[in-house]
Amino acid sequence: MTDPLAVSGDLRALVPPPVASKKPHSAKHHGKTLEDPWHWLRDVGYPKVEDAQILAHLRAENDYFDAVMSPHEGLRERLFQEIKARHIEDESCVPYRDGRFLYQWRFAKGAEYCTWWRQSVYGDRPWECFLNVPELAESYEYFDLDGWDINPDGSLLVWSIDTSGSERYKAFLRPVDSEETRQLDLPEISGTPLFAMDGDSLLYLVVNEQWRPWQVWVHSLSGIRADRCIYEESDERFRVSLDITRSEKYLLISTGDHTTNECLVVPADAPLEAPRAVSPRRQGCQYSVDHAHNRFYVLINDTHENFRLVSTPELALESSNWREEIAASDSVYLQEVDAFEQWLVVSEMADALDRIRIRDYAGNEHWVEFPESVYSASLGDVPAFDADKLRIEYESMVTPETTFDYVPGECRLVKLKTQEVPGYDASRFETRRLWAEARDGKRIPVSLVSLKQLEEPPGPLHLYGYGAYGMGMPPAFSLSRISLLERGFTFAIAHIRGGDELGRGWYLDGKLDKRQNTFNDFVDVARHLIEVGETAAGRIAISGGSAGGELMGAVLNQAPELWGAVVAHVPFVDVLNTMLDADLPLTPPEWDEWGNPIKDAEAYDLIASYCPYTQTSSKAYPPILVTAGLNDPRVTYWEPAKWVAKLRHVKTDQNILLLKTNMGAGHAGKTGRFERLREVADEQAFILLAMRMPESD
């Protein structure tokens, strides 16, 4: 029986949408005038947003979202309950060893957040809960635990939290076996402090007014000395991060942007020593570092875009002392190196698929073999340097998350756990890999999953893409995706340029003056899927977030007739104005990704040619759902708000356009494992309604 709530003819509001007024605002750049009549939606007091007119407009948009979607509450709730029912409520991870303890996270039934537990590896004491996240989060609308760390002797715990979505963290410290918690008296920090190995020092990252992590400070737990800054990054494009080598011999200070970085090392038991650069920074050169057996292992792209692996004595870092361990390759993209006592583990990609290479210190190597032809695999939680086996996390678009232990000496995978998904039968689904030809002749990999027994094609299809920052999209499993698959959708991931699925060059071919390739690839993948009969024009729902939201805006302008529904999450759509504003926190580091239109007229013209907000024009657009976060420091709330305001003024169709702003969250939306699912259910309900998909009871 057809549910009348699920017919998209009902996807309309009984009230008119809010219309943001136009106010004159213009600026001149390179002799050209840039008009921006919705500039007023940016609060001059940002990151505080207190302007009454702005807040009233955003709330009016939220009210309009409710007016359109609330008549379909039955469908929304049904989708939410479906997705929630696939989650085991009392879920836990496979325990992993770190030093003298086993660690495990656990979700209690109905809990939004997990608790963290540990037990002595000797089994002489019962499991104990050392961090109760539900208790920490209970009084907050938004809660993000960035992470935690335990000191070398296992007695002290530090963690950091963000309670607004602004990604500005507060740190807390207490003995592991006590409830005597104190907030550390630190300035605004990024991430979680890190214990050194000297028993007294805690390192933390300070952010400046532009929200850039730029200083590394050392705090004395005993109070024997004042906090001291051991590193300061003066380049406004570079952001600093902290880590420790797996051997726990060295602290790692990494600084860089999207194309250039530098790694500095400090003895972990002497954190006040002057940091040493493993390799001096060079424009366009990136590298990562780990350590074992008195040598640093360096994955670096100094001779080839796909990286090579070298090693160097820890006390002789000059490149003249480097020894090449793995040569660079045109076909194999080296991504990460992890140094254990017995092996080097190299994470790499070939033909847009993950590979894990195991190499001993004599140079003997092999690759882990996996059971499917299209999958995602990575090194899991193996903190112990002296591990005798490796934890590997595996999944595919039909296989739920599976945890293996891998025994290198036997080349054997031992399955420890496969995520339980109530009601899911993997044998009913199939995953495939297709290759679509782009307009310039490049072959674009496409990963698909669908029911094995679909109705006669062409059917509805959900196409997802990202394509930026060298972040490839793995063909991974999704609990929520099943709701669309069960309703006859095929789900596809377009591995477009701007990601790194086909190597570092794949990323470079989708940025700066080649950015248009990313958008063309996505449209060309859609047209290929139509040509081969997978779907039809107007039967494709598309979605993407952040830079993937920019992708949504660009392909909307390029080929609006292809899409049946569009969902753009926290979309980076006002690229030109943002890149022209050097005062925004993330703008200077982003110039290497998009170009600097302040100094470069060609960069200005290029960005203007594809910027979704700039290029929005008078034409018919499909149904669109846009989300934003009021406290989002990455894609500021006014970008999606301005874009929607302009669309409402210029679009010639009568299709629904919705903006939903989360007034108490940031870039990632709501927190809590079930609260997040309501936003997923809203997205899926919007797609089903917009594409006129009847719901069967």
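From a predicted model like this one, the values you see are computed outputs, not experimental measurements.
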Hey, can you pull the donor-acceptor pairs under 3.5 Å for the side chains in residues 473-480, sequence neighbours left out?
residue : atom : partner : partner atom : Å
Ser478  : OG   : Ser480  : N            : 3.4
Ser478  : OG   : Ser480  : OG           : 3.2
Ser478  : OG   : Arg481  : N            : 3.1

Per-pair distances, 0.1 Å, donor-acceptor, side chain in residues 564-574, under 3.5 Å, sequence neighbours excluded:
residue : atom : partner : partner atom : Å
His569  : ND1  : Thr627  : OG1          : 3.2
His569  : NE2  : Glu683  : OE1          : 3.0
Asp574  : OD1  : Asn577  : ND2          : 3.0
Asp574  : OD2  : Lys642  : NZ           : 2.6

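Lys28 and Thr33 share a donor-acceptor pair across their side chains, judged by distance under 3.5 Å alone. With no hydrogens or angles considered, no side-chain donor-acceptor pair links Glu675 and Tyr142 at under 3.5 Å. Judged by distance alone, the side chains of Tyr621 and Asn557 do bring a donor and an acceptor atom under 3.5 Å apart. A side-chain donor from one of Gln516 and Asn520 sits under 3.5 Å from a side-chain acceptor of the other. Between the side chains of Asp43 and Tyr637, no donor-acceptor pair of N or O atoms lies under 3.5 Å. Of the N and O atoms on the side chains of Arg433 and Ser447, at least one donor lies less than 3.5 Å from an acceptor on the other residue. Counting only N and O atoms by type, the side chains of Gln684 and Arg76 include no donor and acceptor under 3.5 Å apart.
For residues 49-64, the pairs satisfying salt bridge (Lys or Arg N to Asp or Glu O under 4.0 Å) are Glu61-Arg648, with sequence neighbours left out. The stretch residues 594-622 participates, sequence neighbours left out, in these salt bridge (Lys or Arg N to Asp or Glu O under 4.0 Å) pairs: Lys32-Asp605. Residue pairs meeting the salt bridge (Lys or Arg N to Asp or Glu O under 4.0 Å) criterion with at least one member in residues 578-592, sequence neighbours excluded: Arg42-Asp581, Arg237-Asp592. Screening residues 531-560 for ring-ring contact (aromatic ring centres under 6.0 Å, His included), with sequence neighbours left out, gives no hits. Residue pairs meeting the salt bridge (Lys or Arg N to Asp or Glu O under 4.0 Å) criterion with at least one partner in residues 536-546, sequence neighbours excluded, do not occur; the list is empty.
Between His462 and Phe489, the distance separating the two ring centers is not shorter than 6.0 angstrom. Separation of the Trp38 and His649 ring centroids falls under the 6.0 Å cut-off. Aromatic ring centroids of Trp214 and Phe238 lie 6.0 Å or more apart.
Among residues two or more places apart in sequence or in another chain, the ring pair (Phe, Tyr, Trp, His ring centres under 6.0 Å) test is passed with Phe522 by Trp563. Under the side chain to side chain contact (heavy atoms under 4.5 Å, CB included) criterion, Asn62 pairs with Lys660, Thr661, Met663, not counting sequence neighbours. Phe80 is linked by a ring pair (Phe, Tyr, Trp, His ring centres under 6.0 Å) to nothing, counting only residues two or more places apart in sequence or in another chain. With sequence neighbours left out, the ring pair (Phe, Tyr, Trp, His ring centres under 6.0 Å) criterion links Phe65 to no other residue. With sequence neighbours excluded, the residues that form a ring pair (Phe, Tyr, Trp, His ring centres under 6.0 Å) with His258 are Tyr469.
In summary, Glu77 and Arg678 engage in a salt bridge, as defined by a charged side-chain N under 4.0 Å from a carboxylate O. A salt bridge between Arg497 and Asp440 is present, with a side-chain N of the basic residue lying under 4.0 Å from a carboxylate O of the acidic one.
When the shell of 6.0 Å around NZ of Lys442 is examined, it contains 12 or fewer heavy atoms from other residues, nucleotides or ligands.
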